[in-house]
Amino acid sequence: MKLRKSVAALTFGVLLFTPLTPAFAVSKEIVQLQTQVQALQDQIQHLQQSNDERMGVMRDLVEKNTDTVNKMAEAVQQMQKVLQQQQTDTQTKVDQVSGQIQTLNDSVDEMKARFAKLQKQLEDQQQQMQTAAAAATTNPTGTPGQQTANPPAPQAPPPDALYNNAVRDYNAGRYDLAVQQFGDYLKYYPNTDLAGNAQFYIADVEYRQGNFEGAVKDYDKVIEQFPDGNKAAAAHLKKGFALLELSQRDAGVRELNSLIARYPRSQEAQAARDRLKKLGVTPGTPARKR
């Protein structure tokens, strides 16, 4: 627009200051000048039109890019939500599988105890048969006046029955009765393969009832007295959890790291890693200062 005004002013100036010439010559020059002015105006209009078209194309591109970026941002947010949900579902499944594995381990322990009991009964029966056969060979008719033996003292309940009843009461939530039976098992059978399990369940009842200090002490008994038992790793894990419940963060982190170092491929070690990550601690490193 400004260019058009400039051309018009230039034309007016040329006409104003042009010396007086014959009418024919002036008319010819005016026609030529008008032709040039018209050509300039056409060029300006063409340039303006081209510029408008380019600006329109640029606006379209900007709008399309903006829409694309917004769609990408929405897609990223949706993917993040899906990933978070998958992580939550995976953690839930891991916890369920860990519980199932724990139950299977307990069942295997019970089967082992039953087999050991059966084997012991068979050995006792064989020993009794051998003793009876030897006595019959030595004195087949018996000796008159022979004194009868004193009646046997009351015996403890069979180990497998005592342990299975305790586990049944534990699973049913009858914790007081379960603790009493596990305590009797430790009293009568302190050196069996399931003694460590009984001590672990006593500590676990205390943990479930919120007695975290007592649980820590009884988990320590499992770790110290039954270091090779199948509940040693679980005792480390639950002891670490109990220390965290007592707000002893540094001690809890040390216990979980100790578990990972001693049993790196166990299910309990993976549970310890997950708990440390939730605390913002890299496994194998001490707790960060708050």
- Task: List the steps and the verdict of side chain to side chain contact (heavy atoms under 4.5 Å, CB included) for Q209 and Y175.
- Result: CA-CA 9 Å; Q209 293 179 338; Y175 295 133; 3.6 Å; yes
- Note on the structure: Shortest non-hydrogen pair, P264 vs A269, comes out as O-CB, 3.7 Å
- Side chains of N257 and R254: is there a donor and an acceptor less than 3.5 Å apart? no
- Query: Going only through I, L, V, M, F, W and Y residues with side-chain contacts under 4.5 Å, is there a path from F241 to V222?
  - Reply: yes
- Query: Can you name the one residue among N197, L194, D193 that meets side chain to side chain contact (heavy atoms under 4.5 Å, CB included) with N230?
  - Reply: N197
- For L243 against E255, the heavy-atom pair lying closest together: CD1-CB, 4.3 Å
- Item | Trace of the side chain to side chain contact (heavy atoms under 4.5 Å, CB included) decision for R249 with V281 | CA-CA 11 Å; R249 178 184 173 89; V281 178; 3.6 Å; yes
- Message: If hydrophobic clusters are built by linking Ile, Leu, Val, Met, Phe, Trp and Tyr wherever their side-chain heavy atoms come under 4.5 Å apart, do L276 and L246 end up in the same one?
- Response: yes
- Message: Side chains of D42 and H46, heavy atoms from C-beta outward: is any pair under 4.5 Å?
- Response: no
- Any chance you could measure L186, atom CG, to L162, atom CG, to the nearest 0.5 Å? 9.5 Å
- Task: Please name all residues satisfying side-chain hydrogen bond (donor to acceptor under 3.5 Å, both in side chains) with D89, sequence neighbours left out, ordered by chain then number.
- Result: Q85
- Could you give the distance from CD (Q48) to CD (Q41), rounded to the nearest 0.5 Å? 13.5 Å
- Item | Chi angles and distances behind the side-chain hydrogen bond (donor to acceptor under 3.5 Å, both in side chains) call for N165, R168 | CA-CA 5 Å; N165 290 336; R168 188 180 303 110; 2.6 Å; yes
- Message: side chain to side chain contact (heavy atoms under 4.5 Å, CB included) for T192 and Y163? Distances and angles first, verdict last.
- Response: CA-CA 11 Å; T192 62; Y163 181 84; over 6 Å; no
- Query: Parallel, tilted or perpendicular for Y219 and F200, by the 30°/60° rule?
  - Reply: tilted
- Note on the structure: Of all heavy-atom pairs linking G252 and L244, the shortest is CA-CD2, 4.1 Å
- Does the side chain of Q270 come under 3.5 Å of the side chain of D274 through a donor N or O and an acceptor N or O? yes
- Item | Atom of V216, atom of A242 and distance for their closest heavy-atom approach | CG2-CB, 3.7 Å
- Message: Within this structure, what is the CG-CD distance for the pair L83 and Q78, rounded to the nearest 0.5 Å?
- Response: 10.5 Å
- Are D218 and K221 close enough for a salt bridge, meaning some N to O gap below 4.0 Å? yes
- For A233 against L259, the heavy-atom pair lying closest together: O-CD1, 3.6 Å
- Message: Within the supplied structure, the quantity of interest is the number of heavy atoms (other residues, nucleotides, ligands) at a distance under 6.0 Å from D176 CG; does it exceed 12?
- Response: no
- Item | Short side-chain to backbone donor-acceptor contact, N70 and T66, under 3.5 Å | yes
- Item | Residue of the set Y189, Y188, F182 for which ring pair (Phe, Tyr, Trp, His ring centres under 6.0 Å) holds with Y185 | Y189
- Query: Say you draw a straight line from NZ of K217 to CD1 of I202; how long is it, rounded to the nearest 0.5 Å?
  - Reply: 15.0 Å
- Task: Over all heavy atoms of both residues, which pair between A232 and P227 is shortest? Give the atoms and the distance, please.
- Result: CB-O, 3.6 Å
- Taking the six-membered ring for Trp, are F212 and Y207 parallel (under 30°), tilted (30 to 60°) or perpendicular (over 60°)? perpendicular
- Message: Assess the residue pair Q180 and D169 against the criterion (side chain to side chain contact (heavy atoms under 4.5 Å, CB included)); give the C-alpha distance rounded to whole Å, side-chain angles, the decisive distance to 0.1 Å, and a yes or no.
- Response: CA-CA 10 Å; Q180 180 181 353; D169 290 329; over 6 Å; no
